[in-house]
Amino acid sequence: MLLFDDYWKMTFEILKKIFPGLKENDLALDRSGHGDFTLRSFQIMKDQKVSMEDISRQVADVLGKEDFIEKIEPVGGYINFTIRRDKMMQAMKKEIDSTGLYPDTFQDPERVSVEHTSTNPTGPIHIGRIRNSILGDSLARLISRYGYRVTTQYFINDSGKQVATLFAGYRKYVKDSNPNVNDLLDGYKKVNDVLENDHSLQEEVDEIIRQYEKGDPDTIRNIRMICTVILNSINESLSRIGIKIDDYTWESDLIRAGDVDRVLESLSDKLQEEDGAKYITSLDRKMFLTRSDGTSLYFSRDIAYHLYKFQNFDWLINVLGENHKEHMKHLEYVLKDLMEIERRLDFVYYSYVSLESGRMSTRKGNMVTLDELVERAMEESMKVVKEKRPDLPIDKLNEIADSVAISAIRFQLVKLNANKTLVFKWSEALSLEGDSAPFIMYSYARAASILRKLEEPETAISQEYDSSESALIRQMYFYPYALEEAFRGLRPESVANYLLELTRKFNDFYTNCPVVNAKETERSKRVLIIHLYKNIVKDASNIMGIKILEEM
RNA sequence: GGGCCCGUGGCCUAGUCUGGAUAAGGCACCGUCCUUCUAAGUCGGUGAUCGUGGGUCCGAAUCCCACCGGGCCCGCCA
């Protein structure tokens with residue numbers, strides 16, 4: 001929960017006393033530039049059969065005497081409220097002085113699990129999967145900022161057909177007791193080619209699964225070993241863009257610890273069989289839990305994993321590609337309707353990333369890996385930073401180029417509504433202008449630069465702010481509302497859009513309001529604005545995974 | 001065939017959940033501003049039947065219905 005002097009709420013509660021039927025949405029943050037909050041009176045006029053004049057008079061009576069109100073203006077069917085800027089400044093300053101953050105957070109005891117990425121350890125992480133990681137990581141940061149104890153989790157699929165196939169390839173073509181990633185992937189590709197028309201090999205893969213689930217020590221040791229090699233490389237790629245996952249769970253551990261069997265037991269009265277394979281009927285569909293040879297299927301392992309997570313968490317969030325939607329409907333049905341688990345479970349889906357040449361495919365080689373993207377973004381940002389800052393030493397240039405590249409990649413993916421399909425284009429991915437992370441970072445660096453030029457600057461809250469200052473103060477003050485919206489909808493892109501708007505407001509302030517050479521009274525109030533601005537940008541950027549810099 | 005998602009200037013998006021005031025940005029294009037704090041920036045201009053057709057409503061990009069176009073799903077894969 002967010003803590004701050006919430007003038008929207010105060011206004012709403014006062015209005016609610018005179019209009020008991022008032023809905024939260026009737027008092028909106030104004031988007032049209034008329035005021036800060038706007039009361040839409042249409043419904044009130046209709047319900048209570050009163051005139052606009054009556055409403056205006058009543059509102060003026062109760063709110064006119066509140067000291068945080070600057071102006072009340074009825075226009076058409078709206079009543080616009082303007083909040084005093086010095087009150088907004090005070091509200092922000094108060095939190096930052098005492099906690100270092102605006103808004104302050106009330107720490108919620110609930111523990112939240114955010115599962116993201118969970119990609120099969122059968123290949124490098126590519127730009128399709130990375131949408132999952134970036135979305136999940138930002139979501140985790142957002143929820144944590146909101147006051148929950150968040151753990152990020154990765155479910156390692158090491159017991160399905162894909163990994164068994166990987167192992168078959170290793171055994172046939174690689175053999176090395178200390179294999180590298182590329183050899184493993186080559187082996188995987190070769191086996192997949194052979195599998196297309198060789199049924200004996202299919203039998204071999206099935207046998208590997210049986211051995212693995214049965215607990216054959218040699219199979220376990222080897223599969224763990226090759227999965228770890230690939231997983232390490234995935235994690236290395238992720239850490240390159242600032243993503244670290246807290247907890248890993250191996251599917252095979254849940255099988256051997258009996259979790260999957262317990263799922264079958266608890267569903268025993270609903271289980272049906274077909275050729276020895278067990279299934280349940282979920283929403284008119286057969287959902288198989290085991291194969292006819294007794295080995296487990298993803299559905300039962302996923303149920304087991306969710307039960308395991310519910311032992312330690314009050315709220316589970318899963319970030320998944322849209323192709324999992326149907327599957328998750330059935331998972332939810334089992335957990336909520338059959339097992340009657342009432343705890344909170346949310347799914348956040350994202351649409352696919354494709355290339356201009358079409359859908360990505362690891363096997364066909366039509367893909368762009370994260371490593372490749374990072375490398376090219378680094379080159380691009382290095383080129384730019386060298387051109388812009390020839391005065392800086394090389395290690396400084398490296399640091400800037402690195403932050404710019406990584407921030408740009410993350411921001412580009414997180415700012416887009418997750419439901420939209422994304423066609424990856426190099427020209428857009430490598431762009432460092434416009435609505436991008438560098439746009440935000442650059443503004444922040446200019447703000448920092450102003451403060452560096454002043455020795456022990458005074459700060460002050462003024463009674464008077466001009467229009468650029470006023471618009472910026474308002475946008476800063478509204479930060480908690482943006483966090484709230486993002487949190488409620490589990491949509492980090494709301495924070496991204498907020499941050500872009502904040503940057504535009506700051507740029508307007510920057511061009512219109514000189515600081516360093518301003519008179520003392522002007523300077524001190526602007527210095528405080530910059531302090532608050534820097535604080536909020538830093539905070540919001542952290543949620544977005546943008547690595548903010550004091551100089552660039 | 002059934003289900004879910006998307007459709008907003010030439011291109012990419014915000015706004016859709018929770019209907020409300022002249023539809024907000026970016027890219028590209030044309031023009032402006034470095035003798036004031038970093039031009040990765042600023043200001044101005046060109047450019048939108050909000051996929052189409054109905055409906056509900058005082059009011060629809062937003063809600064409902066139908067259709068069109070694109071994506072995803074409908075495995076003893078994950």
Side-chain angles (χ1 to χ4, degrees), chain A residues 23-26 28 30-34 38 40-43 45-46 75-78 80 118-120 122 157 160-163 206 251 274-279 283 285-293 295-299 301-302 321-327 329 349-352 354 359 381 384-385 387-389 404 408 415-423 425 427-428 431-443 445-454 485 488-489 491 493-494 496-497 500-501 503-504 507-508 510-518 526 530 551-552:
Chain A
K23 292 180 310 228
E24 293 201 348
N25 208 40
D26 293 333
D30 179 76
R31 286 202 194 110
S32 67
H34 288 83
T38 186
R40 298 160 177 157
S41 313
F42 311 93
Q43 203 58 43
M45 285 192 270
K46 203 172 168 185
V75 183
Y78 303 88
N80 299 309
S118 296
T119 176
N120 287 348
T122 51
N157 173 262
K161 216 155 235 180
Q162 277 77 359
V163 165
D206 291 344
E251 272 193 3
E274 194 173 295
D275 302 330
K278 298 191 171 75
Y279 68 91
L283 310 170
R285 217 192 112 186
K286 286 179 188 176
M287 292 299 293
F288 281 88
L289 295 153
T290 64
R291 297 189 180 89
S292 25
D293 68 0
T295 54
S296 69
L297 285 164
Y298 174 61
F299 192 49
R301 301 194 295 260
D302 210 18
E322 63 175 341
N323 55 327
H324 289 79
K325 271 187 187 176
E326 182 72 15
H327 178 87
K329 244 168 56 188
Y349 299 103
Y350 61 94
S351 287
Y352 269 51
S354 59
R359 194 176 163 165
S381 63
V384 175
V385 74
E387 187 187 300
K388 309 260 183 205
R389 299 303 303 269
V404 166
K415 77 171 177 187
L416 180 63
N417 179 331
N419 285 326
K420 297 222 184 201
T421 50
L422 175 64
V423 178
K425 296 187 181 101
S427 62
E428 284 172 13
S431 163
L432 305 175
E433 297 176 339
D435 286 352
S436 65
F439 174 66
I440 294 159
M441 297 165 75
Y442 183 66
S443 272
R446 295 212 291 196
S449 169
I450 292 173
L451 296 186
R452 272 198 302 275
K453 288 190 158 50
L454 299 167
E485 184 185 79
R488 270 208 280 206
R491 285 184 317 192
E493 75 266 20
S494 295
N497 288 312
L500 288 172
E501 193 56 44
T503 301
R504 281 180 213 120
N507 287 347
D508 186 53
Y510 183 88
T511 38
N512 292 306
C513 305
V515 180
V516 176
N517 297 318
R526 288 175 181 165
I530 294 173
E551 187 182 6
M552 67 183 275

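No experiment lies behind these values; they were computed from the predicted model shown. Reminder, nothing fancy here: chain letters follow the sequence lines and each chain counts from 1.
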Quick check on RNA chain B: between A/Met287 and A/Phe439, whose nearest nucleotide comes earlier from the 5' end? A/Phe439
Side-chain N,O (A/Asn507) to OP1/OP2 (B/rU42) below 4.0 Å: yes
Is any side-chain N or O of A/Asn80 under 3.5 Å from a base N or O of B/rA21, one able to act as donor and the other as acceptor? yes
Between A/Arg359 and A/Pro514, name the one whose nearest nucleotide on RNA chain B is closer to the 5' end. A/Pro514
Can you tell me how far C1' in B/rG53 sits from the matching atom in B/rU13, rounded to whole Å? 27 Å
With a 3.5 Å cut-off and heavy atoms only, can you find an N or O donor on one side and an acceptor on the other between the side chain of A/Asp30 and the base of B/rA21? yes
Answer yes if the side chains of A/Asn419 and A/Ser351 hold a donor-acceptor pair under 3.5 Å, and no otherwise. no
Atom P, compared across B/rC73 and B/rA14: separation rounded to whole Å: 23 Å
Tell me whether the side-chain N or O atoms of A/Ser292 pair up with the base of B/rC76 as donor and acceptor below 3.5 Å, since no angle test is needed here. yes
Counting only side-chain N and O atoms of A/Lys453, is one of them less than 4.0 Å from OP1 or OP2 of B/rC37? no
Looking only at side-chain N and O atoms, does A/Ser443 offer a donor or acceptor that is under 3.5 Å from a partner on A/Asn507? yes
Looking only at the side chains, is there a donor atom on one of A/Asn157 and A/Tyr298 sitting less than 3.5 Å from an acceptor on the other? no
Base B/rC27 paired with A/Asp435 side chain (donor-acceptor, <3.5 Å): no
Does A/Tyr78 lie flat on the base of B/rA21, that is, centres under 5.5 Å apart and planes under 30° off? yes
If B/rG1 has a Watson-Crick or G-U wobble mate with both distances under 3.5 Å, name it; if not, just say none. B/rC74
Side chains of A/Gln162 and A/Thr122: is there a donor and an acceptor less than 3.5 Å apart? no
Among the nucleotides B/rA40, B/rC74, B/rC12, whichever has the atom closest to the side chain of A/Arg285 is B/rC74
For A/Phe288 and A/Tyr279, take the angle between the two ring planes, folded into 0 to 90°, and tell me which bin it lands in: parallel under 30, tilted 30 to 60, perpendicular over 60. tilted
Identify whether any heavy atom of A/Glu501 sits under 4.0 Å from a base atom; if not, whether one sits that close to sugar-phosphate; answer base, sugar-phosphate or nothing. nothing
Name the closest nucleotide to the A/Asn497 side chain, picking from B/rA14, B/rC37, B/rA39. B/rA14
Kindly say whether, by distance alone, the side chain of A/Thr38 makes a donor-acceptor pair under 3.5 Å with the base of B/rA21? yes
So, A/His34 and B/rA21: ring centres less than 5.5 Å apart, planes less than 30° off, yes or no? yes
Would you indicate what A/Glu387 reaches in the nucleic acid, counting non-hydrogen atoms under 4.0 angstrom: base, sugar-phosphate, or nothing? nothing
In whole angstrom, give the distance that lies between atom CD of A/Glu322 and atom P of B/rA78. 20 Å
Nearest-Å distance once atom P is located in both B/rA23 and B/rC5: 29 Å
Of the options B/rA40, B/rA78, B/rG41, whose atoms approach the side-chain atoms of A/His324 most closely? B/rA78
Euclidean distance for P, B/rG59 against B/rC12 (whole angstrom): 34 Å
Expressed in whole Å, how much space separates the C1' atoms belonging to B/rG51 and B/rA61? 12 Å
Looking only at the side chain of A/Tyr510 (C-beta and beyond, no hydrogens), which of the listed nucleotides B/rC37, B/rU36, B/rA21 gets closest? B/rC37
Please indicate yes or no: is the ring centre of A/Phe42 less than 5.5 Å from the centre of the six-membered base ring of B/rG59, with the two planes inclined by under 30 degrees? no
Separation between the P atoms of B/rU18 and B/rG55, rounded to whole Å: 25 Å
